[in-house]
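The block underneath contains the structure these notes are about, expressed in structure tokens.
Quick caveat: nothing in here was measured; it's all calculated off a predicted structure.
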Amino acid sequence: MTRRQLKLGAVLTPTGGPGHPYTWLDPEIPADASVDIDWYIRYARLAEQARFDLVFIVDSQFITPDSPPHYLNRLEPLTLLSALAVATEHIGLVGTLTTSFNQPFNLARRFASLDLISRGRAGWNVVTSGDSGTAGNYGLEEHYDYATRYGRALEHVEVVKALCDSYEDDAFPRDREARRFLDPDRLHTLDHRGEHFSVVGPLNIERSRQGQPVIFQAGDSDQGRDLGARIADGIFTHAPSFEAGAAFYADIKTRAAAYGRAPEDIVILPGVTVTVGDTDADAREIERATQLADNDFGKSIRELGRPFGWHDFRSTTSTRRSPPRHCSTPSAASTRRRRRSQTSPPSAG
């Protein structure tokens, strides 16, 4: 039988993202945790110790006063992941970057840098930016239409991958005696001219041991599924039922095969929300408290009769033969943990 593996990822949104906007009221979580690098390092290390495959950093670039607390004030993904790279050893480092408001050369260079810093643990969650307000932050009157967004995304990823292949693995002999730093025959110019991008290349950074970042994607529209089937190593999904999840899985695998890909090379990552308590009733009460209005939050804590806190760990599970390349796959759901006392160390398990 083929050996199958469970994949776990932790999405770090410490002060509360969509669906849990009151996490920041927990006194055990620093109110500025979303911009506190020490918080991220602590929980990335806990996730690594618990044998999670990856940590995942969500992102968007347009806010209103009604946005979730974590969205209002958070660190930029690749800056944050670069810091986590030198504070961890094995866990995958996945960040969200949009193809609509980044140029392929700049994005490829940043991911290549993260991949070298982390020694081959970088992952890219490819998004097209569903929030139309982002366009105004980039000098555009309106967001690209749907077809253009996904056309750009496909070409963007293809260009980034090609740029990552600018140097062959042995392009730098660094031979001091021969005074030969580079083997020019192993450097390749891209000269890409496409519908959306024109990129000469080559990229000015060597290949990492991984070669290029692991690609993730989460679109559920017809265009989104098609893009994922063509480019992704891992695909996030939030199916409302087991049947819907199974149908999504089958659809992605069928589309991948139609594009000439091996279906087993794509990991499907269903999101699950887990609330942990001493009993089912305790867990239900903790779950309810995270969704209360502000005025009811403190009252709910008092009713429980003991302190509690939850950590905004989101986890996804999946099975596959082995992780793609050198990185594990990311996730997208949330695991809220309750500690037994304020002094006991938190767990990422």
Stacked cation flag Arg42 on Tyr40, 6.0 angstrom / 45 deg: no
Using a 4.5 Å side-chain heavy-atom cut-off and chaining through intermediate ILVMFWY residues, the residues clustered with Leu116 come out as Phe105, Val159, Leu163, Leu190, Phe197, Val199, Leu203, Ile205
Would you call Arg255 and Asp251 a salt bridge, using N to O less than 4.0 angstrom? yes
Can Asp115 and Ser208 be said to form a side chain to side chain donor-acceptor pair (under 3.5 Å), step by step? CA-CA 6 Å; Asp115 222 14; Ser208 71; 2.6 Å; yes
Between Glu76 and Arg110, is there a side-chain N and carboxylate O pair less than 4.0 Å apart? yes
Could Arg45 and Glu48 be called an ion pair, given the rule that one side-chain N must be under 4.0 Å from one carboxylate O? no
Ignoring hydrogens and angles, tell me if any N or O in the side chain of Thr96 forms a donor-acceptor pair with the backbone of Ile57 under 3.5 Å. yes
For Ser129, the option from Thr134, Asn102, Thr98 that meets side-chain hydrogen bond (donor to acceptor under 3.5 Å, both in side chains): Thr98
Under the ring-ring contact (aromatic ring centres under 6.0 Å, His included) test, which residues partner His192, sequence neighbours left out? none
Can Ser34 and His70 be counted as having a side-chain donor-acceptor contact under 3.5 angstrom? yes
Can you name the closest pair of heavy atoms from Cys164 and Pro213 and give their distance? SG-CD, 4.2 Å
Passing candidate, side chain to side chain contact (heavy atoms under 4.5 Å, CB included) with Val55, options Val94, Ile91, Leu80, Val11: Ile91
